[in-house]
Amino acid sequence: MSLAEPKPGEILIESAYSLVSPGTERELLASDEIHAVVGIAFPLVPGYSVAGRVAALGAGVTGLAVGERVVAGPPVGCHAAHVITSASTVFRVPEEVPLRSAVFFHLGGVAAHTVRLSGVRLGDSLSIVGQGPIGSLATQIAAVQGAWPILALDLDADRRAAALSYGATFAADPTDATFGTILARVGGGTGASIDLSGVPAGVHTALQVTAPLGTVVLSGGMIAPISLDYGSLFVKGITMIGAVVGARLAEVRKDTENFLHLLAAGAVTTPDRDEDVYDPATAAEVYQRLLDGDRTLTAPMFAWNPDL
């Protein structure tokens, strides 16, 4: 089978792994509301995180070489054995980072971006609502940055336990009757909060746990309208920041590079597990589980050519 040639400014990547982003890709398949925001339409090949090697370079592409290990994040098309994408979406993979870890670059970049937008510095308090793949990475990055205390919030006990191992000071279920006690241990609220839950309830929780004059960063990937407690915003003087990556492309690129450097230094780890690696032939089954809300699908990835 012949492969398409990359056009000027593009590269062809032979894929080792492609990562499924459960929240965003479920939204992508379940509703077309996100399509207008991203600028896509059915039919499409999903996926926006791929790791592999450069197979060919289009005219005018400089700074990359055939055979080089890279990751790339076009809006769609990454769940494939070969991917053609603009060179502007590509990042070199540090020598110390396996491709199976590097494929988390996009989620890690989002995590780093939300932590930076929160404004937390050494000794600043932070709540992170949602401890899925991005939330767990954000918890690690915040801990490395010196945020303290860090309050990790999730309904799932296993995710809360993982958050503590990643550097969270406290981990709690915000719907539990004892949650007020935990919140009191961080002074009744944190100076900043990040919502990575992907559900409206998570936004409300982020507002609840943020102290007066604090900051709430929204990165839940929801498109549908939701109702907010205006009183919490108004009376507490809260600042809300939308963290969609398309709004600050240059900043997100830098945050992604920083995430890859943290991986190379061993300062953060990715939540990749052997049981999360799937044969691409099982994609229909994986996506059906995703649409059914299977929470055991934490960070599924497809192995196209893991020996690259």
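These numbers come from the heavy atoms of this one structure, side chains and all, not from hydrogens, waters or symmetry mates.
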Is the shortest side-chain N to carboxylate O distance from Arg121 to Asp124 below 4.0 Å? no

Nearest atoms (heavy-atom pairs only) where Pro300 meets Val286: CB-CG1, 4.3 Å

Could you tell me whether the side chain of Ser15 and the main chain of Ala80 form a donor-acceptor pair under 3.5 Å? yes

How close do Thr89 and Arg253 get, counting heavy atoms only, and between which atoms? C-NH1, 4.4 Å

Is the shortest side-chain N to carboxylate O distance from Arg26 to Asp292 below 4.0 Å? no

In the structure I gave you, are the side-chain heavy atoms of Asp294 and Pro22 within less than 4.5 Å of one another anywhere? no

Do Ser49 side-chain atoms and Gly73 backbone N/O form a donor-acceptor pair below 3.5 Å? no

With a 4.5 Å cut-off on side-chain heavy atoms, are Val129 and Leu196 touching? no

Identify the heavy atoms of Cys78 and Ser18 that sit nearest to each other, and give their distance. O-CB, 3.3 Å

For Ser101 against Thr270, the heavy-atom pair lying closest together: OG-OG1, 3.4 Å

Shortest non-hydrogen contact from Val186 to Pro149? CG1-CG, 3.8 Å

Any Val110 side-chain heavy atom under 4.5 Å of Thr256 side chain: no

Angle between ring planes, Phe302 versus Trp304, binned at 30° and 60°: parallel, tilted or perpendicular? perpendicular

Using only heavy-atom distances, determine whether the side chains of Ser118 and Thr215 contain a donor-acceptor pair under 3.5 Å. no

Spell out, as yes or no, whether a donor-acceptor pair under 3.5 Å connects the side chain of Gln145 to the backbone of Val120. yes

Closest non-hydrogen contact found for Asp255 with Arg116 is OD1-NE, 3.0 Å

Checking side-chain polar atoms at under 3.5 Å, does Thr114 have a donor or acceptor matched by the opposite partner on Ser219? no

Under 3.5 Å, is there a donor-acceptor pair between the side chain of Lys236 and the main chain of Thr210? yes

Other residues, nucleotides and ligands only: do more than 12 of their heavy atoms fall within 6.0 Å of CD on Glu275? yes

Near Arg185 CZ, under 6.0 Å, is it more than 12 heavy atoms from other residues, nucleotides or ligands? no

We want to know whether Glu10 and Thr85 form a side-chain donor-acceptor pair, criterion being a heavy-atom distance below 3.5 angstrom. no

Flag the pair Tyr287 / Val20 as yes when at least one side-chain heavy-atom distance between them is below 4.5 Å, and no otherwise. yes

Could you verify whether a donor N or O on one side chain and an acceptor N or O on the other, from His261 and Glu96, lie under 3.5 Å apart? no

For Arg69, what residues pass the side chain to side chain contact (heavy atoms under 4.5 Å, CB included) criterion, not counting sequence neighbours? Arg53, Val93, Leu99

Within 6.0 Å of NZ in Lys254, more than 12 heavy atoms from elsewhere: no

Pro133 versus Thr298: any side-chain heavy-atom pair under 4.5 Å? yes

Is it the case that the side chains of Gln131 and Asp156 hold a donor-acceptor pair, with the cut-off being a distance below 3.5 Å and no angle test? no

Judged by atom type as modelled, is there a donor-acceptor pair below 3.5 Å linking the side chain of Thr169 to the main-chain atoms of Ile150? yes

Minimum side-chain heavy-atom gap Phe179-Thr175 below 4.5 Å: no

Six-ring centre of Phe170, Arg160 cation under 6.0 angstrom, axis tolerance 45°: no

When you measure from the side chain of Glu68 to the backbone of Ala65, do you find a donor-acceptor pair of N or O atoms at a distance under 3.5 Å? yes

Worked check of side chain to side chain donor-acceptor pair (under 3.5 Å) between Thr296 and Arg289: CA-CA 9 Å; Thr296 65; Arg289 290 172 60 191; 3.2 Å; yes

Short question: side chain of Thr282, backbone of Tyr278 - any donor-acceptor pair under 3.5 Å? no

